[in-house]
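Letters A, B, ... mirror the listed sequences (proteins, then strands); counts begin at 1. The figures that follow rest on heavy atoms only: side chains count, while hydrogens, waters and symmetry mates do not. Because the structure is predicted, anything quoted here is derived from the model rather than measured.
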There are 2 protein chains.
Amino acid sequence: MTETDGYGFELPLLLFAGFRSIIDELHAELAREGHPQARPAHGFALQAVGPQGATASEIGRRLGISKQAAGKTVDRLEALGYAARVPDPRDARGRLVVRTARGTELLARSAELFEQVRARWAAELGADRVRAMEQDLRAMVPSPLFRLDVSGWLG
Amino acid sequence: MTETDGYGFELPLLLFAGFRSIIDELHAELAREGHPQARPAHGFALQAVGPQGATASEIGRRLGISKQAAGKTVDRLEALGYAARVPDPRDARGRLVVRTARGTELLARSAELFEQVRARWAAELGADRVRAMEQDLRAMVPSPLFRLDVSGWLG
DNA sequence: TAAAAAGGTAAACCAGGTTGTCTATCGATG
DNA sequence: CATCGATAGACAACCTGGTTTACCTTTTTA
């Protein structure tokens with residue numbers, strides 16, 4: 001990092017700023033539509049729950065965080081009405097985390113809004129440029145799993 | 001977000017994964033070179049200090065966080081030997097935060113490593129594709145300031 | 001020169017991560 | 001069929017790094 005922010009330093013900043021601007025736009029609109037409490041982390045976690053539900057331990061594994069941390073996040077989702085815990089019929093130890101209707105609605109609306117953002121990028125830059133960006137990132141990135149250990153990772 | 005991760009949902013994920021893979025690579029190497037304690041947040045904060053030094057309040061403003069939070073981060077940088085607080089000769093209220101030699105070294109080495117990563121991307125994808133990615137992101141992103149309120153923002 | 005603005009610090013709180021320990025249950029194996 | 005290792009979940013203690021509120025000191029300004 002020189003004082004003049006050379007090229008090399010700019011690339012990661014731009015990638016993060018791109019990510020952030022999309023997520024900010026998404027959540028500004030979600031807040032307007034009745035989800036003011038929803039945070040980016042909630043969408044990721046809810047996605048990790050999956051349509052069939054999952055145990056907190058499994059969610060932790062999918063997110064790359066401890067089962068305890070996953071449990072706390074599920075507590076939060078539960079408090080906000082996006083997920084619920086039900087007894088696991090096949091394992092008396094476990095409690096299955098499932099999406100509520102509100103949780104499913106949040107994900108569905110998020111998907112629509114993400115499509116809108118991408119369409120705007122395509123309109124602005126050209127569809128081919130957006131496709132190229134995605135293709136290039138796919139080539140350079142190990143795998144676009146949603147690791148959720150961001151808090152601990154960043155700081 | 002549909003279950004099948006349509007295009008719209010993939011773009012932000014790819015942007016974040018790209019950012020993250022670069023930062024992970026950087027810090028893996030920094031750790032090998034004697035900076036195992038350095039976290040991504042430290043680099044951002046140290047950058048915000050600037051070559052002339054800055055007050056904690058000013059750092060907070062640059063990073064988009066409260067002066068108290070900035071103060072805590074400076075505490076951390078100080079403990080790790082990357083920054084020091086000196087009396088501000090022009091303001092008896094303030095204490096100027098300045099980079100130590102070790103802090104400057106961390107930033108310089110980071111800059112070199114960022115250049116290396118970008119060169120690898122250019123070799124893999126083609127220099128024009130990397131330039132195009134940067135150009136397109138620059139066009140879509142408000143401004144690539146390093147907001148550091150990520151912890152609070154994400155969760 | 002008094003009031004407002006700004007720097008720094010401290011305390012209380014929250015979110016979300018960690019590790020470690022404990023109990024209950026599951027599943028495989030002798 | 002009993003036992004034992006692995007696993008789910010809960011709980012506690014702790015760390016980092018945000019927040020807000022409050023207060024003191026110093027500087028700026030009206």
Salt bridge Arg20(A)-Glu25(A), side-chain N to carboxylate O under 4.0 Å: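 Result for this pair is no, no salt bridge flagged.
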Is there a salt bridge (Lys or Arg N to Asp or Glu O under 4.0 Å) between Arg138(A) and Glu10(B) once you walk through the steps? CA-CA 10 Å; Arg138(A) 241 178 263 121; Glu10(B) 196 184 2; 2.8 Å; yes
Roughly, in whole Å, what's the span from [atom1] in [X] to [atom2] in [N]?
X	N	atom1	atom2	value
Ile59(A)	dG17(C)	CD1	P	12 Å
Phe44(B)	dG17(D)	CZ	P	13 Å
Asp75(A)	dC14(C)	CG	C1'	14 Å
Asp91(A)	dG9(D)	CG	P	8 Å
Leu80(A)	dC14(C)	CG	C1'	14 Å
Glu58(A)	dA8(D)	CD	P	8 Å

OP1, OP2 of [N] versus side-chain N and O of [X]: anything below 4.0 Å?
X	N	result
Arg95(B)	dG7(C)	no
Ser57(A)	dG9(D)	yes
Thr73(B)	dG18(D)	yes
Arg61(A)	dA8(D)	yes
Arg76(B)	dT16(D)	yes

Do Glu105(A) and His35(A) have side-chain atoms, one donor and one acceptor, less than 3.5 Å apart?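 Side-chain D/A pair, Glu105(A) to His35(A): present.
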Quick check: are there more than 12 heavy atoms from other residues, nucleotides or ligands sitting under 6.0 Å from CD of Glu33(A)?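 Counting other residues, nucleotides and ligands, CD of Glu33(A) exceeds 12 neighbours.
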Tell me which of Lys67(A) and Ala92(A) sits closer to the 5' end of DNA chain C, going by the nucleotide each one is nearest to.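 Final value for this comparison: Lys67(A).
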Side chain of Arg85(A) only, heavy atoms from C-beta on: which candidate in dT16(D), dA10(D), dT19(D) is closest?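 Closest nucleotide among those given: dA10(D).
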Checking all strands, does [X] fall into the base, sugar-phosphate, or nothing category for heavy-atom contacts under 4.0 angstrom?
X	result
Gly94(B)	sugar-phosphate
Ala69(B)	base
Thr55(A)	sugar-phosphate

Tell me whether Thr100(A) contacts the main-chain N or O of Gly81(A) through its side chain, where contact means a donor paired with an acceptor under 3.5 Å.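 Judged by distance alone, yes, a pair lies under 3.5 Å.
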On DNA chain D, nearest-nucleotide positions of Lys72(B) versus Gln68(B): which is more 5'?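 Per heavy-atom nearest nucleotide, the more 5' residue is Lys72(B).
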Can you find a donor-acceptor N/O pair under 3.5 angstrom joining the side chain of Arg93(B) to the base of dA6(C)?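 Per atom types, the contact qualifies.
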